[in-house]
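This report concerns only the one structure given below.
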Amino acid sequence: MSPKEQYLRDLERALPHSFSKHEILKEYEAHIEEKQADYPERTIEEILDAMGDPVEIAQQFEIGQPAQKSFVSKNFVFCNFMFFFIGGLLTFCYHVYEGSLFSEAWGILARVPLTIVVVYTLFWMLLGFEIGREYGALGKKIFSRTFFMCLLPNVLLMFMTLFELIPVQWFQPFLTPAFIYICVVMTFLLYPISKLSYYLGVYRSV
């Protein structure tokens, strides 16, 4: 039996029955193969040693992962919700309380729309990287679920704006043709950008 097969068998024996062992083992096998491709100079024993003891991995997976899954996902979903909540609150106050600090804040943001896009893109990169670093190759489903939960408000706002369910004038002077085009393009690019960051996180997890 090869070292990799022995490693996976030890992991299978240590994993609790409440988890889908076949899926976990498949993910770990893929993870090992990725590391072999990334580090051809390393022996299989060195790669397996860097991944950690399979019994300890199974124990951590059993005790800590369910709570951590919920914690990480909920935090990113909550942060994205807060972006929209604060933005909506600022927009509302800007139109209701003209001449106030809200107007000044809105004016500052209106002068740096591309900075907002860059900062928001960094949020999505952090989302992918942290999930990849925290869960490694086992985090694909967590990443996908968290990504699409976070993306939902973006899509809803985009459609509501395009179909004028929300008064477009509320977002002036943000909604220039160039800014709308950038937002639409970036919405489609968020997934590949986040997925690339996820794989970078997986790379750093070992």
Side-chain angles (χ1 to χ4, degrees), residues 4 7-8 11 15 19-42 47-48 50-52 57 60-61 64-87 113-162 178-206:
K4 183 177 76 171
Y7 185 92
L8 293 173
L11 179 60
L15 284 169
F19 287 87
S20 176
K21 293 188 178 184
H22 175 73
E23 182 177 341
I24 294 172
L25 293 174
K26 186 177 179 181
E27 291 285 356
Y28 262 92
E29 184 177 11
H31 194 32
I32 293 170
E33 292 173 355
E34 288 176 4
K35 291 305 172 185
Q36 287 181 298
D38 292 338
Y39 301 101
E41 72 281 2
R42 291 187 181 182
I47 292 175
L48 295 177
M51 292 184 67
I57 291 174
Q60 294 173 2
F61 193 86
Q65 188 164 341
Q68 290 177 356
K69 280 185 180 180
S70 175
F71 179 79
V72 173
S73 297
K74 287 182 179 178
N75 268 291
F76 278 111
V77 172
F78 176 76
C79 287
N80 192 57
F81 171 78
M82 289 304 298
F83 285 145
F84 280 85
F85 176 77
I86 294 173
L114 291 181
T115 302
I116 297 173
V117 173
V118 171
V119 171
Y120 194 53
T121 302
L122 290 175
F123 164 80
W124 288 93
M125 293 174 66
L126 180 63
L127 181 152
F129 181 82
E130 283 299 314
I131 293 178
R133 186 176 65 88
E134 189 71 30
Y135 305 114
L138 292 176
K140 289 181 180 179
K141 287 188 177 181
I142 305 171
F143 166 76
S144 296
R145 182 173 62 249
T146 306
F147 177 87
F148 287 110
M149 288 178 66
C150 288
L151 188 65
L152 184 59
N154 301 49
V155 176
L156 289 175
L157 179 61
M158 184 170 63
F159 275 100
M160 291 174 71
T161 303
L162 291 175
F179 186 70
I180 294 175
Y181 177 77
I182 291 173
C183 289
V184 172
V185 171
M186 288 306 301
T187 298
F188 286 101
L189 291 178
L190 286 179
Y191 186 79
I193 290 174
S194 298
K195 195 62 176 291
L196 176 61
S197 298
Y198 164 76
Y199 283 118
L200 291 175
V202 172
Y203 176 82
R204 291 294 301 272
S205 69
V206 176

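- With a 4.5 Å cut-off on side-chain heavy atoms, Asn80 and Pro153 count as touching.
- Atom CG of Leu8 is separated from atom CD1 of Ile24 by 12.0 Å, given to the nearest 0.5 angstrom.
- Annotation: side chain of Leu126 is not in contact with side chain of Leu122 (no heavy-atom distance under 4.5 Å).
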Candidate pair Ile116 and Val119, rule side chain to side chain contact (heavy atoms under 4.5 Å, CB included), full reasoning | CA-CA 5 Å; Ile116 297 173; Val119 171; 5.9 Å; no
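- Here Ile193 pairs with Thr121, Met125, Met186, Leu189 under the side chain to side chain contact (heavy atoms under 4.5 Å, CB included) rule; sequence neighbours left out.
- When the shell of 6.0 Å around CZ of Phe85 is examined, it contains 12 or fewer heavy atoms from other residues, nucleotides or ligands.
- At least one side-chain heavy atom of Tyr199 sits less than 4.5 Å from a side-chain heavy atom of Lys140.
- Pairing each heavy atom of Tyr120 with each of Asn154, the nearest pair is OH-ND2, 2.9 Å.
- The distance from atom CG of Leu190 to atom CG of Leu151, rounded to the nearest 0.5 Å, is 6.5 Å.
- Ring orientation note: the planes of Tyr191 and Phe143 are tilted relative to one another, at an angle of 30° to 60°.
- Here the NE2 atom belonging to His22 is positioned 10.0 Å from the CD atom belonging to Glu27, to the nearest 0.5 angstrom.
- Residues Cys150 and Leu127 meet the side-chain proximity criterion, which asks for heavy atoms closer than 4.5 Å.
- In this structure, the separation between CD1 on Ile47 and CD on Glu33 is 10.5 Å, given to the nearest 0.5 Å.
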Tell me, with the steps shown, if Phe147 and Trp124 meet side chain to side chain contact (heavy atoms under 4.5 Å, CB included).
-> CA-CA 8 Å; Phe147 177 87; Trp124 288 93; 3.3 Å; yes
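- Taking CZ of Phe129 as the start and CG of Leu196 as the end, the distance is 11.0 Å to the nearest 0.5 Å.
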Stepwise side chain to side chain contact (heavy atoms under 4.5 Å, CB included) check, Tyr7 with Leu25 | CA-CA 10 Å; Tyr7 185 92; Leu25 293 174; over 6 Å; no
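- Residues Arg133 and Glu130 are paired through a salt bridge, judged by an N-O separation under 4.0 Å between the basic side chain and the carboxylate.
- Not counting sequence neighbours, Phe78 has no partner by the ring pair (Phe, Tyr, Trp, His ring centres under 6.0 Å) test.
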Tell me, with the steps shown, if Phe84 and Met82 meet side chain to side chain contact (heavy atoms under 4.5 Å, CB included).
-> CA-CA 5 Å; Phe84 280 85; Met82 289 304 298; over 6 Å; no
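- No donor-acceptor pair closer than 3.5 Å links the side chain of Lys4 to the backbone N or O of Ile32.
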